[in-house]
Amino acid sequence: MAKRIGIENSLAVAEAVKLARAEVIAAYPITPQTHIVEELSQIVANGELEAEFIPVESEHSAMSAAIGASAAGARVYTATASQGLALMHEILFIASSLRLPIVMTVANRSLSGPISIWNDHSDVMAERDMGWIQVFGENGQEVFDLTIMAFRIAEDKRVLLPVAVNMDGFILTHMIESIEIEEQEKIDKFLPPYKPVLRLDPAHPISMGPVGVPEIYAEAKKQQEVALLESKAVIKEVFKEWAEQFGRAYNLIETNGPEQAEVVFITMGSLGETVMSALDLINVQGDKARQVRIRLWRPFPEEELLAALEGAKKVIVIDRAVSFGTSYGPVAGEIRSMLYKLKEQPEVYNFICGLGGRDVTRQEFKQMYELAEQGQYKDKYLIWGVREND
Amino acid sequence: MTREINFEKITAKNIPTESLISCGHRGCQGCGEVLAMGMVMKAAGPNTIVANATGCMEIITSPFPQTAWKTPWIHVAFENAAAVASGIEAALKILKKKGQIKDKPNVIAFAGDGGTADIGLQALSGALERGHNFLYVCLDNEAYMNTGIQRSSSTPFGASTTTSPPGKKSKGQCTWKKNVAMIAAAHDIPYVATASPAYHLDLMNKVRKALAVEGPAYIQIYSPCPTGWKSKPEQSIEIARLAVQTGVFPLFEVEYGKFKLTQKTKELKPVEQYLKLQKRFRHLQEEDIAYIQDKVKANFEKLQKLCEL
Amino acid sequence: MNYPSWRTLELGAAITTPGNAAELKTGDWRTEFPVLDEEKCVKCGLCAIYCPEFCIHEDDTGYFRADLYYCKGCGICVHECPKDALTMQLEEK
């Protein structure tokens, strides 16, 4: 029987990695990821998980060791955040180009400078073109479930790509929630041992990561891109199977609120739940606003989003990072570009909020709604809550 | 406390003949680096997984769709060969423990001196400190040759490179070569050695020893580069031999902390004999050569003292 | 050289044919090639040990000969031969 316990979300993630029977864990400590890897090293030290824990000397080496271990045929996990993810930058792209099914938790945190340990999405947004499948969890249960599903998706022979599971730093990592921890036996059935297609094996020597001459580089990139785009179907399948086996249903995006509402909030990560609560305030006067929460960020679920935005007159995109020197935050930029395909395009309002851990309340989301209703900041972005005057 | 390292010794009579790096690689004429790497692989044998840093050896052996490698090989990036190797080693360890593979192959990381002494030093130190059972080989050709002969911290004093050019205000490389073998030894790992392709039996037996110990091993191999050193391709072995005979690149090993000189040289030859074969040193004045001579002698004596301990 | 399409390219552009660089003729880089004087040769094989092309092999008669398909003509074998049994000769084209 699955057991429901009150547990810190980071420990639940460690539990998920244990249930997934990860074989090599290479990690370097960084706030707010630390609780995950501390717990995992304890689990390995206790002999509860047959795995090698490599306490690497940097995140650059964490990702490098993860690649080596995955190429040698092991199931591999790592976790990081912020500067750590940035330090991995170079190697993240190689992990996906080598088609290695590594799973990584990103405990989302802002990027320096000034140095900030608190939550936003500037770390992962700087890496959004890394060629990984990227999902966002909104709460502890979701992150627990997504972590196990991530291995299944990554290792599917039609996919073979690394997966990053994003969870908001502190807001999720350090929160104690009531989480259903599944049984080992059921997880083993859902996630069989990893069987690599290609691996470093003296019985069948292969060369991985050769020089990509101009005659082949573009083909390699196309192959990678097609694999990422086509992973969407596999992700749907895995979500469906998870729902059947464990009773918790997930979609690439989630929608809620009155269907006829013409104003639509778009969020990614834990702020989705705050918006959910804000809708109750906003919709007191009628069916004014609804909401779309993006779970799958890469590959971008365009088809699903377009369907969800049908009938929308105004779209309020909540970004958690600045895309410096351009017209929108990273999520809003994608949404705008996607909407260009429509004949009737809704107006886009972009609020970049919660930077560096700044709280955003349901009242503030109501204010954003009101600004959008008045047509203020139409087709513009606003960095929310910034003091303009001393 | 001395510990015996048990390994199958290579003599003139049983040198492995099968090259695990195929013909048709794109190394320059007279490349001492690919020769040294080939010797390492002969000693290691086919049951070996290689992690190769970006650099000449990666470029000349792997332009798609052709590979010169007959053993499993992976290239990831420039500075992380040691980290990649530690991941491979950890994976093999757990896969063997779980019964998914029968035996654990050798794991060797190859990197040049730039990938070792400069950009890869942190990853190397981490992997050595963590005690992974693998061999790290630094193929030391004393500059960034692949990018066009720029200086590294392993470039010897006085050498002309494209970023340490001699001029009115410069004698070429103005710093002394970084001693990474000593840095490796400071990690107190089971085995550290220097080697030279001119002393092929010594080199191959050092590889055998390095692979026989349980834990990390580091070998720095002097790798003549005719292109970068502006030397004659046919003289690569002669230069490698002179580097040892003059004390410029002394051959030694450190077994479980015990230093031992492994070269036969009793009397060091003058460094000038070595320097004059390479145009990278041709601008040096008499006083520069005298400085190098003094420092080489002093360093050699220091090493001898360490060996007496 | 034949290059695959993105569809048939191995995962991550891996090369699954070990040692297929041997298809590449590097012998045409050469301007000179080594010639063996069998009278002087003592079949010590040092030339093969020091050959950076790994292209000198012992034949049925025990002599070591360079495979000219690959020999780049560096001259190390000639320079290192302890018996001066090898000489470099200019390619005629």
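First the proteins, then the strands, lettered A, B, ... as listed; each starts at 1.
The minimum heavy-atom distance between C:P52 and B:G30, with the atom names listed, is CG-CA, 4.1 Å. Annotation for B:G27 and C:K72: closest pair O-NZ, 2.6 Å, computed over non-hydrogen atoms. The two atoms that bring C:N20 and B:Q66 nearest to each other are OD1-CA, 3.3 Å, heavy atoms only.
Heavy atoms of B:P197 lying under 4.5 Å from chain C belong exclusively to its backbone. Only the side chain of C:L46 has a heavy atom closer than 4.5 Å to any heavy atom of chain B. Of the atoms belonging to C:N2, it is backbone heavy atoms, and not side-chain ones, that fall under 4.5 Å from chain B. For B:S62, the part sitting under 4.5 Å from any heavy atom of chain C is the backbone (N, CA, C, O) and nothing else. In this structure, chain C has no heavy atom under 4.5 Å from any part of B:E33. Proximity to chain B is limited to the backbone of C:C51, based on heavy atoms less than 4.5 angstrom apart.
Note: C:G19 leads C:G19, C:A22, C:A48 in heavy-atom pairs under 4.5 Å with chain B. Contact tally against chain C (heavy-atom pairs below 4.5 Å) for B:F64, B:W69, B:W73: the top residue is B:F64. Put simply, of B:T67, B:L35, B:L20, the one with the most heavy-atom pairs under 4.5 Å next to chain C is B:T67. The candidate with the highest count of non-hydrogen atom pairs below 4.5 Å against chain C, out of B:I21, B:I15, B:T17, is B:I21. Of the listed residues B:R26, B:Q235, B:K70, the one with more heavy-atom pairs under 4.5 angstrom with chain C than any other is B:R26.
For B:E272, the CD atom counts as loosely surrounded, since its 6.0 Å shell holds 12 or fewer non-hydrogen atoms of other residues, nucleotides or ligands. Crowding of C:E38 atom CD: a count of heavy atoms from other residues, nucleotides or ligands under 6.0 Å exceeding 12. Summarising the local packing, NZ of C:K43 is surrounded by more than 12 heavy atoms from other residues, nucleotides or ligands at distances under 6.0 Å.
The contact list for residues 221-229 of chain B toward chain C, using heavy atoms and a distance under 4.5 Å, is empty. Of residues 74-82 of chain C, those residues lying under 4.5 Å from chain B by any heavy-atom pair are C:C74, C:G75, C:I76, C:H79, C:E80.
Here the side chains of C:E53 and B:H25 are in contact, with some heavy-atom distance below 4.5 Å.
A centroid separation of less than 6.0 Å is found between the aromatic rings of C:Y50 and B:H200.
Summarising the geometry, atom CZ belonging to C:F54 is positioned 6.5 Å from atom NZ belonging to B:K42; distances are rounded to the nearest 0.5 Å. In this structure, the separation between CD1 on C:I49 and CG on B:L201 is 7.0 Å, given to the nearest 0.5 Å.
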